[in-house]
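Dropping the structure in here first, questions after.
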Amino acid sequence: MNQKLLKLENLLRFHTVFRQLHSLGQRRILAQWNHVFSSAYPVWTAQLCIRPWQTDPLIGAALSQYRLLVTKKEERSQKSQLLSTKSKKEVEVWIGMTIEELARAMEKDIDYVYEALMNTAIDIDSLEAHSRLDEGRIKEVVKMTGMKLKWSKLKQDKIRENKDAVRSLSAFWGKAADDGVMKQTVESIQHAKDAQVPIVLAINKCDKAEADPEKVKKELLAYDVVCEDYGGDVQAVHVSALTGDNLMALAEATIALAEILELKADPTGPVEGTVIESFTDKGRGPVTTAIIQRGTLRKGSILVAGKSWAKVRLMFDENGKIIHEACPSTPVGIVGWRDLPSAGDEILEVESEPRARAVVDWRKYELEQEKNKEDLKVIEEKRKEHQEAHQKAREKYSNMHWKERSFLKYQEKKEQKSSKSKEKEERDSHVLPVIIKGDVDGSVEAIVNIMHTYDASHECELELVHFGVGDVSENDVNLAETFRGVIYGFNVNAGNVIQKSAAKKGVKIKLHKIIYRLIEDLQEELSSRLPCILEEHPIGEASILATFSVTEGKKKVPVAGCRVQKGQLEKQKKFKLIRNGDVIWKGSLTSLKHHKDDISVIKTGMDCGLSLSEEKIEFQVGDEIVCYEEKEVPAKTSWDPGF
């Protein structure tokens, strides 16, 4: 009997060792076994690996009991180790890190992480070194090892950006004809290379007669983007957004590339996606259109995106038809958001509403803290400037009598008041406050991004007071009245009541259906805030044939004998003297004579004598006299939005 128990105990020990080896290094062992069990060996050798205890239910039950006892014993030993540990090591982790990255962060080997995952519900046989772990698994592993967690926000953001880039194929739109490759395209190419994502090239405006797609392909060679026509691996599709030509070919090229790369999504697990557009529907409230990238979205799911969360009440497809679930790669409209998320926000599914509220509150708290830090920096800079100015003022008044000091301060305050009023008038005339309202979040984002390219602040300052989604409201009108700004709307409406209120308060509301029309209107409004430019329009030209002087009283006045070559000379207009192509004088005439008669106009081909208002100027034969008039011309802003 004792010998049987001893054999059973040895068998149990052998099973435990073999199970650990199997769990920790299954793929490494399988690779070695595949090498050993090659075709040179008979088939029956593989059958030797059959575990004998799998065929005996009694031994299997004993093994399960023994595993339970060992697990409890290990848990007790781990708890005692955690209690005995006085100082815990801090590990910097992030959501979505791989097993290899977690082991490196803890300064352990990969087998150590596998061993920690053995007592969890996860199937470690399906894990590899590059397999990603969710938040719960990372917490369990770090907790079992007796270390402290430290979430790395910057790393999480970087991982999220890379993950979004890898999930989607990158399509770049190079303008055809004389436009070539734009600056935005070059930036997108650089981002794609940094994220290591494939590229599909869509050359737009190919319906134009002057379109030259080959020019775009050749220009892209400078940025290491080689199309298939030139021996590269980048697909180039000639499309037209206006006529819709080859749009299906572009979709097929993208799908073909996805199939070649074997890009697949997991329909199980928590839902992940990306907000494509967001808008407010009068009957449904905040609505988003999204692409599901992982998991299956169903009615009742709790979602978080940016600073908003939702309990899905309704879902519909691209045709407006109500659907009950959305699998990966499915475009879906989602109804049930508490607030409106932004286009591009990542959608994540959470387990409950309290969890969603906690996540949103935490994100808002983080943004508020970042804003407070920025405000604190500005306050510190202003405080330093104030202290320096106060110190200089004290040094300035330190050696003065109190009467002199009081009088000087009074004079300075008086000058400051007048200068402030002048500055305020100049600022009001050289500043354009703007309020942007759009139909969807993506349109507003596009307009705001174009406004960020504004580089003519030295001419007129452009201030973005507010932007949002939805029709123009009374609050927008009140805000525009306060800042003396202009409201620009894209694909939105302004009711009769709103328009009457705006007209009464002197607020401009400008509505557009095309973005570049809105930007052109904005350029015109900026130009109207600029001072007019004085342009010189020539009336007549004359050449100096001789010079002489005339005595007037006790003075000798230099006189030029001229012949009018072009147009006519008018005494009341302005004149300039040009010598060797350079203007050496501008002003008015004191006299204009034909022979001995004073006249006001000399026409082409006639001779005349004239003298300038400035007597120090000496004439030379060959100089030119130009008669001109100045006209005020409206100025145009130098801002070029790029289209």
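Values below: every heavy atom of this structure, side chains too, minus hydrogens, waters and symmetry copies.
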Less than 4.5 Å apart, any side-chain heavy atom of Val477 and any of Ile498?
yes
Under-4.0 Å salt bridge between Lys586 and Glu536:
yes
Indicate yes or no for a side-chain donor-acceptor contact from Ser543 to the backbone of Gly622 under 3.5 Å, with no hydrogens or angles considered.
no
Going by an N to O cut-off under 4.0 Å, is there a salt bridge joining Asp476 and Lys437?
yes
For the pair Glu525 and Arg529, evaluate salt bridge (charged side-chain N to carboxylate O under 4.0 Å, His left out) and give the outcome as yes or no after the intermediate values.
CA-CA 7 Å; Glu525 188 67 31; Arg529 303 283 175 125; 3.7 Å; yes
Atom CG of Asp281: over 12 foreign heavy atoms under 6.0 Å:
yes
Ile450 backbone acceptor or donor facing Thr453 side chain under 3.5 Å:
yes
Before accepting this row, confirm whether a basic side-chain N of the pair Arg298/Glu325 lies closer than 4.0 Å to the acidic partner's carboxylate O.
yes
Might you confirm whether atom NZ of Lys636 has over 12 heavy atoms from other residues, nucleotides or ligands at distances under 6.0 Å?
no
Parallel, tilted or perpendicular, as decided by the 30° and 60° cut-offs, for the rings of Trp639 and Tyr454
perpendicular
Just checking Asp233: does its CG atom have more than 12 heavy atoms from other residues, nucleotides or ligands closer to it than 6.0 angstrom?
no
Under a 4.0 Å N-O cut-off, is there an ion pair linking Glu374 with Lys371?
no
N-O pairing of Lys217 and Glu214 below 4.0 Å:
yes
If you count every heavy atom of other residues, nucleotides or ligands that lies below 6.0 Å from Phe467 atom CZ, does the total exceed 12?
no
As a quick check of understanding, evaluate side-chain contact (heavy atoms from CB on, under 4.5 Å) for Ile578 and Val626, giving each step before the final call.
CA-CA 8 Å; Ile578 300 175; Val626 177; 3.7 Å; yes
Pairing of Glu629 and Lys574 as salt bridge, 4.0 angstrom limit
no
Under a 4.0 Å threshold between the charged nitrogen and the carboxylate oxygen, would Glu368 count as salt-bridged to Lys364?
no
With sequence neighbours left out, which residue pairs that include part of residues 331-344 fulfil the side-chain hydrogen bond (donor to acceptor under 3.5 Å, both in side chains) condition?
Thr288-Trp337
Is any side-chain heavy atom of Glu541 closer than 4.5 Å to one of Cys627?
no
So, Glu100 and Arg104, do they make that salt bridge, N to O below 4.0 Å?
yes
Ile625 side chain reached by Phe575 side chain, heavy atoms, under 4.5 Å
yes
With a cut-off of 6.0 Å (strictly less than), are more than 12 heavy atoms of other residues, nucleotides or ligands near NE2 of His324?
no
Sub-3.5 Å donor-acceptor pair from the side chain of Thr482 to the main-chain atoms of Asn478, do we have one?
yes
